[in-house]
Amino acid sequence: MISGIRGTRDILPSEIGRWQHVERVAADVCARYGYCEVRTPVIEREDLFAKGTGESTDIVQKEMYAFTDKGGDRITLRPEATPSMVRAFVEHSLEQDLLFAKLYSLGPMFRYERPQKGRYRQFHQLDVEVFGLADPAIDGEVIDLAVTFVEELDIASAELVINSVGCGDCRPGYSAVLLEALGSRLPELCGDCQRRASTNPLRIFDCKVPADQPLIDGLPKSENFLCEACRDHFEEVKRHLEIYGHQYRVSHRLVRGLDYYTRTTFEIIGSSLGAQNALLGGGRYDHLVKQLGGPDRPGIGFAAGLERLVLELPDEKGSSGPADVFVVAFGQSTWSEARVLARDLRRAGFRTLIDYGERSSKSQMKRANRSNVQRMLILGEDELASNKVTIKEMETGHQETLPRDEVIGYLALHCQGVTL
RNA sequence: GUGAGUGUAGCUCAAUGGUAGAGCGCCGGACUGUGGCUCCGGAUGUUGCGGGUUCAAUCCCCGUCACUCACCCCA
């Protein structure tokens, strides 16, 4: 037996309904907000992520599935979608074609990490991106889309957290302020924090080591060090969230791990996910498009982890419901007609089951019962002779015999969600 | 990459240094034209894999793989 690869999973029939539900809501919400779906390849040139995601990030340094293909090119399985979306936007000059470059995509990403609750090596994201709009109104609308998406999935107790990480003008100054505030106490922090102090001081705020918290809590808050433009932008984003009536928490500790973020960052946190608790996260990236060789266009977007959303979905969501009808052949001579009947019902739009192997009527009915079907349609020799069928409702046990050409009419009345 | 815990039937789990059992599920029958309830019968395991200790290992030891959780990182 050859098993699946570590960190990958099979999504089985018992779970697929929940996935389809999440994907359907995602596509639906995006369409209502004016987003166009795009699908980009799962393989890209390694450079795209080195330049886009950032050479210094863990994702690029140690988590990419990268290889040399037969032509000698360095290829990688995409670890995130944003650089691909930027590439597609630039490569096809989409800003010429679209009134607004509002795009979304749904698909698998790959990172070589140790699997954990809500974290897999192949995982799936909804990726939402907007190019060319710097107005804080779009920040507000993107966040509103994210909140609406999570709400429409009926995910309870999700929390919206926002922050501004500033821009190229003010962030270096703030980093320096942080280092200065830490000063001689830096060695008191954990090893990771000391490493962060030299690579990206803001990320000290990500630290979860309990002993470090008092010192970190005392650090100067980013809000007080934003430049005027960034501060105004952030205030406007907050104003828009208030227009929409969304609850949010400002956390100066929300500093995201990717290099390209500027100004607005946000996350929606789930409640039952364990350590990997971000349902979705994103932010503004005003220099990424240019950095990847495109025109100087701002961008903003987020990625939502579908595994995590499926995990947080209420239990009853996405159950596909029982089939409409189970055709039971009573007697050896009725099988051919029973199969034609089942075929006709299927063509008429009803979810129809029928047994195989010419098993006894008893065992067919046991299967019908086990299949949780709503009703049996019994075709026996008596019915065959009179061109009728017997319909038995499983729940009540009520049954009646009616002419065969009235069956579809009967089912149309009694089945839900059928279009004829 | 680091740490901890766990791997026994399809599922949930027992068991003992002497080559494994229950419940649920599954299949059949009682009930040959009526499912669910009940009763009766039946099938299924290289005890994750490899090695070691031992007369003998599912149990003890080592390795490995997988899963789970946490670190790291992030969706």
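Keep in mind that this is a model prediction, so the values were computed, not measured.
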A correct 5'-to-3' footprint of nucleotides 23-30 of chain B, with B, S and - meaning base, sugar-phosphate only and no protein heavy atom under 4.0 Å, is ---SSS--

B:rU68 and B:rC13: how far apart are their P atoms, nearest whole angstrom?
14 Å

Its contact letters, B for base, S for sugar-phosphate only and - for none at protein heavy atoms under 4.0 Å, make nucleotides 41-49 of chain B read ---------

When you measure from every atom of RNA chain B, which of residues 45-53 of chain A have a heavy atom less than 4.0 Å away?
none

Could you tell me whether the side chain of A:Glu383 has a donor or acceptor atom within less than 3.5 Å of a complementary atom in the base of B:rG33?
yes

Who pairs with A:Thr8 by side-chain hydrogen bond (donor to acceptor under 3.5 Å, both in side chains), at least two apart in sequence or on another chain?
none

Output the residues of residues 111-121 of chain A in contact with RNA chain B, where contact means a heavy atom of the residue under 4.0 Å from an atom of the strand; sort by number or write none.
A:Arg111, A:Glu113, A:Arg114, A:Gln116, A:Lys117, A:Gly118, A:Arg119, A:Tyr120

Under the side-chain hydrogen bond (donor to acceptor under 3.5 Å, both in side chains) rule, what do A:Tyr285 and A:Glu129 come out as? Steps first, then yes or no, please.
CA-CA 10 Å; A:Tyr285 46 87; A:Glu129 311 286 356; 2.4 Å; yes

What contact category does A:Leu279 fall into here, base, sugar-phosphate, or nothing, at under 4.0 angstrom with non-hydrogen atoms?
sugar-phosphate

Residues two or more places apart in sequence or in another chain: which of them pass salt bridge (charged side-chain N to carboxylate O under 4.0 Å, His left out) with A:Arg249?
A:Glu159

For A:Glu337, enumerate each residue passing the salt bridge (charged side-chain N to carboxylate O under 4.0 Å, His left out) test, keeping only those at least two apart in sequence or located in another chain.
A:Arg404

When you measure from every atom of RNA chain B, which of residues 301-312 of chain A have a heavy atom less than 4.0 Å away?
A:Ala303, A:Gly305, A:Arg308

Check: B:rG1 base within 3.5 Å donor-acceptor of A:Lys62 side chain
no

Base, sugar-phosphate or nothing for A:Arg9? Non-hydrogen atoms, less than 4.0 Å.
nothing

Nearest to the A:Ile378 side chain among B:rC67, B:rC74, B:rU34, which nucleotide is it?
B:rU34

Quick one: stems involving RNA chain B, counted as three or more successive Watson-Crick or G-U pairs, both distances short of 3.5 Å.
B:1-7 with B:65-71, B:10-13 with B:21-24, B:26-30 with B:38-42, B:48-52 with B:60-64

So what does A:Met394 hit on the nucleic acid, given a heavy-atom distance under 4.0 Å: a base, only sugar-phosphate, or nothing?
base

When rounded to the nearest Å, what value does the distance between C1' atoms of B:rA9 and B:rU47 take?
10 Å

Taking for A:Glu395 and for A:Asp382 the nucleotide of RNA chain B with the nearest heavy atom, the one nearer the 5' end belongs to A:Asp382

Can you figure out which of B:rG33, B:rC74, B:rG35 approaches the side chain of A:Glu381 most closely?
B:rG33

Counting only pairs under 3.5 Å, give me each side-chain donor-acceptor contact of residues 301-310 of chain A, with atom names and distances, residues two or more places apart or in other chains.
residue	atom	partner	partner atom	Å
A:Glu307	OE1	A:His124	N	2.9
A:Glu307	OE2	A:His124	N	3.3
A:Glu307	OE2	A:His124	ND1	2.8
A:Arg308	NE	A:Gly118	O	2.7
A:Arg308	NH1	A:Ala278	O	2.9
A:Arg308	NH2	A:Gly118	O	3.1

Please evaluate residues A:Ile204 and A:Cys193 with respect to the criterion side chain to side chain contact (heavy atoms under 4.5 Å, CB included), reporting the C-alpha separation (whole Å), side-chain torsions for both, the decisive distance (0.1 Å), and the verdict.
CA-CA 5 Å; A:Ile204 289 173; A:Cys193 283; 4.1 Å; yes

Does either side chain, that of A:Glu381 or that of A:Ser333, offer a donor lying less than 3.5 Å from an acceptor on the other one?
yes

At 4.0 Å (heavy atoms only), tell me whether A:Gly380 reaches a base, stays on the sugar-phosphate, or touches nothing.
base

Which comes earlier along RNA chain B counting from the 5' end, the contact point of A:Ser3 or that of A:Arg203, where each point is its nearest nucleotide?
A:Ser3

Using a 4.0 Å heavy-atom cut-off across all strands, classify A:Ala368 as base, sugar-phosphate, or nothing.
nothing

Across the strands shown, which category fits A:Gly7 at heavy-atom distances under 4.0 angstrom: base, sugar-phosphate, nothing?
sugar-phosphate

Answer with base, sugar-phosphate or nothing: what part of the nucleic acid does A:Gln364 contact at a heavy-atom distance below 4.0 Å?
nothing

Which side-chain hydrogen bond (donor to acceptor under 3.5 Å, both in side chains) pairs, counting each pair once, include a residue from residues 132-155 of chain A, with sequence neighbours left out?
A:Arg32-A:Glu152, A:Tyr33-A:Asp144, A:Tyr33-A:Thr148, A:Lys102-A:Glu141, A:Asp139-A:His233, A:Asp139-A:Thr264, A:Asp139-A:Arg284, A:Asp144-A:His246, A:Asp154-A:Lys317

Within residues 115-126 of chain A or reaching into it, pairs that qualify as salt bridge (Lys or Arg N to Asp or Glu O under 4.0 Å) - sequence neighbours excluded:
A:Glu113-A:Arg119

Among the nucleotides B:rG35, B:rC67, B:rU34, which one has an atom lying closest to any side-chain atom of A:Arg6?
B:rC67

Can you say whether the rings of A:His414 and A:Tyr410 are parallel (under 30°), tilted (30 to 60°) or perpendicular (over 60°)?
parallel

